[in-house]
Amino acid sequence: MHRDQVASAYGRWAPVYDMVFGPVFRRGRHAAVEAAEQIGGRVLEVGVGTGLSLPDYSRRSTVVGIDISGPMLDKARDRVARLRLRNVESLDVMDAESLSYADGSFDVVVAQYVVTAIPNPEKALSEFARVVRPGGEIILTSRLGAEHGLRGTLEKWLMPVTSKLGWRTEFPWARYERWAEMSGAVRLLERRALPPLGHFWLIRFARLGEAAETTITNTPDIRKDLR
Ligand SMILES: C[S@@+](CC[C@H](N)C(=O)[O-])C[C@H]1O[C@@H](n2cnc3c(N)ncnc32)[C@H](O)[C@@H]1O
């Protein structure tokens, strides 16, 4: 998967995205925003897409949204204007792998159905850990692929097709675990299967304190070990 390939795939999805993916991911989006609201404050929503989750935030939270796809963000901007969502601070085209924000700028980082669409997920996860303050949270909804067995084989086999559509099917929990361990910057708080089918999960990491700071910037590229 390549960044430009993913951006153009979502450029093509933008006109029909809400119709196709609106209802199917609704419960996961609600669960993620509900968890984010427990902390509140300044929220970074990565891969905000067409902004389907934005109306779910209370006006006490300030939301900054980023996405790699301009056409998806245009839809989000229309929604913000139409619904007068004044707590949305900004919506910008930006790559999750290279965030322009200072360390510890946010109380929460939310990424819903995004990690498996990012070409280098571990790099993005380390960016999330960098920009969230110590004591803040990283809240993800993500599809978890099978570790092995028939489903695992099928998911690997489907990768050439789904990567053209904008996401990967093969992404086992082990990758999150290894990233968390190697970064040394986060602690797993929760991992909960989402209804109706349990293929998607709500995952919450707490950002650890100052001591972990140096480890984050030195997070090695572990992709080569995972191929
Ligand atoms: C499946 S959609 C999810 C959109 C939204 N979060 C939702 O719940 O409907 C994945 C989104 O991630 C964005 N995305 C993919 N790779 C990205 C990257 N490297 N940086 C920022 N956004 C990215 C896509 O453009 C797309 O809008």
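First listed ligand is number 1; within each ligand, the first listed atom is number 1. Values reported hereafter were calculated over all heavy atoms of this structure, with side chains retained and with hydrogens, waters and symmetry mates removed.
Residue contacts with ligand 1: Phe25 is placed with no nitrogen or oxygen under 3.5 Å of a nitrogen or oxygen of the ligand (distance criterion only). Looking at ligand 1, you'll find an N or O of Gln112 within less than 3.5 Å of one of its N or O atoms. Considering backbone and side-chain N/O of Ile68, one or more are found under 3.5 Å from N/O of ligand 1. Ligand 1 has no nitrogen or oxygen under 3.5 angstrom from a nitrogen or oxygen of Val6.
For Met72, the heavy-atom gap to ligand 1 drops under 4.0 angstrom. A heavy-atom separation below 4.0 Å is found between Arg29 and ligand 1.
In this model, a donor atom of one side chain and an acceptor atom of the other lie less than 3.5 Å apart for Ser61 and Glu37. Between the side chains of Tyr57 and Glu45, at least one donor-acceptor pair of N or O atoms lies under 3.5 Å. Under the 3.5 Å distance criterion, with hydrogens and angles disregarded, a donor-acceptor pair is assigned to the side chains of Tyr176 and Ser142. A donor-acceptor contact closer than 3.5 angstrom is absent between the side chains of Thr62 and Asn87.
The atoms of ligand 1 that sit less than 4.0 Å from any heavy atom of Gly49 are 27 (O). Interface atoms of ligand 1 facing Met94, defined by a heavy-atom separation under 4.0 Å, are 20 (N), 21 (C).
Electrostatic pairing of Glu89 and Arg42 counts as a salt bridge here, judged by a charged N lying under 4.0 Å from a carboxylate O.
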- Task: Start with the C-alpha distance between Arg207 and Glu137, add both sets of side-chain angles, then the distance that settles salt bridge (Lys or Arg N to Asp or Glu O under 4.0 Å), and finish with yes or no.
- Result: CA-CA 6 Å; Arg207 173 68 165 83; Glu137 282 189 27; over 6 Å; no

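By heavy-atom distance, the residue among Tyr113, Tyr10, Trp13, Tyr17 lying nearest atom 4 (C) of ligand 1 is Tyr17. The nearest non-hydrogen atom to atom 19 (N) of ligand 1, considering only Val46, Asp95, Thr141, Asn120, comes from Asp95. For atom 11 (C) of ligand 1, the nearest non-hydrogen atom from the set Asp67, Ile66, Val110 comes from Asp67.
Centroid-to-centroid, the aromatic rings of Tyr113 and Phe21 stay 6.0 Å apart or farther.
With hydrophobic clusters built from ILVMFWY side chains whose heavy atoms lie under 4.5 angstrom apart, Val93 shares a cluster with Tyr17.
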